[in-house]
Amino acid sequence: MNAQNPRLAGVKEAAASLSVEPYISESYAREEKDKLWLKVWQIACREEEIPNVGDYYTYDILDQSIIVARSGPEEIVAYHNACRHRGKRLTAGCGRAQHLHCSYHGWQWNLKGESTLVTNREHWDGALDGLDLSLRGVKVGRWAGFVFINPDPECEPLEAFLQTVPEWLDPFEMQKMRYKWRQWLTYPANWKVVLEAFIEGYHAPATHPQTQRYGTGVTSSTSEGLHGRMVTVGTEGGGMGTAVGVVDSLAPRDVPLGALRMAEKTVWANYTDTLIAAAERISREMPEDAGSAEVGARLMEVACQIDADRGVVWPNIDPMHLAQVGINWHVFPNIVLLPGITFALCFRIRPDGFNPDSCITEIFTLERYPEGGEPQTEWVHAQEINEENWPLLLRQDFRMLAGVQAGMKSVALEGLLPNPDQEANVINFQRNLADYMGRCVPELLD
């Protein structure tokens, strides 16, 4: 990409009024199954969750269940999770198997989905011979270490669906990152209410007042086709989140350390121990009158060397690209990615059945580690929202969103009025969702 590329700045939004129907209607929630979730590419798991042949991951969306399995060293397949005999689900959770087995009546399939055993097949007197008893396949795509599935056999390729997202995010090489921590909870709000909280920064000054100490508190966002991008206004450093050059009361050399320590304490993400060590070093060693650009460059130089010494090789990202990529990407419909050079904070929010007032919220962080040095992690169900389970910033969001969900049911609410600059991602998301759902696009305001 370059400055002449018209996609570089994305598309700004006009002011619009959004309907509350997508957030509160049970009939709308049920329509989403056929019109959205059975038609759209969605992340099922990470490749690292199924590293060996025979490993499988069970991905559930509404009342549908998909088996994602590694069938060969470089091959990943997916099947509808239903026995061809009488529908029993074959897997739950994660595991490893040489074949897929129905525990109810004993039918079996190999990892290619081919039928290998029908118990007492002779009792059908040949009636099964002309039937294809293979498991029904699901389309699979892979990008950035994520495994995507799409139940629609006629869907467009994943590469086409992602549009320009790989151009922006491939340089971060997220496929080389591994889980640092991952946890989830069910939350009493529509999945779109929770998702939208993480694709706009307009709420930050009011909801997260601590963030203004190391930033301007102002964001901007642009529509990127199906997807969306958020940037901070008046900061440097691309996806690093260091807020270099925005705090007048501190010497520039001290800003990165304060910002990274805050991320460590209040987000549990958007930092690494290496970056903190580098920030501590430059805070001690650089002159007080060093400029913000000099501080930022030195921070990256020192951190890169510390990581290299421990076997972590940084990707080679053009500084201009890093400065323009933004801090937050919405990948339609339900994924949020906050990329950094050696880390990423990620969200996946799914409906909790057909209840419009509940969703499954999954949050995880990725990081680059020396080969073999990644931590062993599992999905943690952290249902109670307290200091032990969730960092301050996420607790602040969770304190707000149930009230948003409840307030949307007010008979006095004629429509939602998102900020056309800072909440452009929300408008874009609702426009694209309306297209899938066959609804009218958001109403533009004069």
Side-chain angles (χ1 to χ4, degrees), residues 1-5 7-10 46-47 142-146 159 162-178 180 215 219-222 224 227-246 255-256 259-260 263 269-279 281-282 291-331 335-346 365-371 374:
M1 291 185 184
N2 57 63
Q4 302 305 314
N5 190 330
R7 295 175 298 189
L8 191 61
R46 292 276 298 169
E47 289 193 45
R142 296 151 75 175
W143 170 73
F146 296 103
E159 294 75 15
L162 290 174
Q163 299 174 344
T164 64
V165 171
E167 293 181 52
W168 286 104
L169 299 188
D170 277 355
F172 292 94
E173 299 179 346
M174 283 186 285
Q175 69 274 15
K176 296 183 180 179
M177 299 180 186
R178 297 293 180 266
K180 183 177 184 179
T219 62
S220 180
S221 58
T222 56
E224 307 287 339
H227 317 290
R229 175 175 61 121
M230 184 198 306
V231 300
T232 51
V233 177
T235 62
E236 302 173 6
M240 297 307 300
T242 54
V244 172
V246 299
V255 173
L260 289 163
N270 295 345
Y271 79 97
T272 65
D273 291 340
T274 292
L275 284 167
I276 288 178
R281 179 172 162 184
I282 67 171
S292 60
E294 182 184 1
V295 168
R298 182 60 178 159
L299 175 68
M300 296 298 99
E301 180 184 356
V302 173
C304 183
Q305 186 58 58
I306 293 173
D307 266 348
D309 291 343
R310 70 188 190 97
V312 174
V313 179
W314 283 27
N316 184 18
I317 305 178
D318 180 86
M320 182 65 71
H321 186 92
L322 186 63
Q324 296 171 331
V325 68
I327 61 169
N328 176 301
W329 276 80
H330 171 220
V331 179
I335 300 298
V336 184
L337 303 174
L338 282 68
I341 291 179
T342 56
F343 60 81
L345 173 61
C346 313
T365 61
L366 306 174
E367 189 171 319
R368 282 178 177 251
Y369 293 96
E371 186 174 355
E374 64 273 7

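All of these numbers come straight from a predicted model, not from anything done at the bench.
Counting heavy atoms from C-beta outward, F146 and R46 have side chains that approach closer than 4.5 Å. Between F343 and T365, every side-chain heavy-atom pair lies at or beyond the 4.5 Å cut-off. The side-chain heavy atoms of V295 and V255, taken from C-beta on, include no pair separated by under 4.5 Å. Side-chain contact between E224 and W168 is present, with heavy atoms from C-beta onward closer than 4.5 Å. Counting only heavy atoms from C-beta outward, the side chains of P171 and D318 never approach each other to under 4.5 Å.
In this structure, the separation between CG on L275 and SG on C304 is 10.5 Å, given to the nearest 0.5 Å. Between L338 atom CG and L366 atom CG the span is 11.5 Å, to the nearest 0.5 Å. With rounding to the nearest 0.5 angstrom, the CD atom of E371 is 11.5 Å from the NZ atom of K176. Atom CH2 of W314 sits about 10.5 Å away from atom CD of Q305, to the nearest 0.5 Å. From I335, atom CD1 reaches atom NE2 of H227 across 11.5 Å, with rounding to the nearest 0.5 Å. Atom-to-atom distance recorded for N328:CG and R229:CZ is 11.0 Å, nearest 0.5 angstrom.
Between T274 and the choices R310, R368, E367, the side chain to side chain contact (heavy atoms under 4.5 Å, CB included) rule is met once, by R310. For the pairing with F172, the side chain to side chain contact (heavy atoms under 4.5 Å, CB included) check across L322, T342, L337 returns one residue only, L322.
Within a 6.0 Å radius of CG in N316, no more than 12 heavy atoms belonging to other residues, nucleotides or ligands are found.
The two atoms that bring M177 and I341 nearest to each other are CE-O, 4.0 Å, heavy atoms only. The nearest pair of heavy atoms linking T232 to I327 is CG2-CD1, 3.3 Å. Shortest non-hydrogen contact noted between A344 and M174 is CB-SD, 4.1 Å.
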Please determine whether side chain to side chain contact (heavy atoms under 4.5 Å, CB included) holds for the pair W143 and D170, giving the CA-CA distance in whole Å, both sets of side-chain angles, and the decisive distance to 0.1 Å.
CA-CA 9 Å; W143 170 73; D170 277 355; 2.7 Å; yes
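The backbone N or O of E167 sits nowhere less than 3.5 Å from a side-chain atom of T164 that would complete a donor-acceptor pair.
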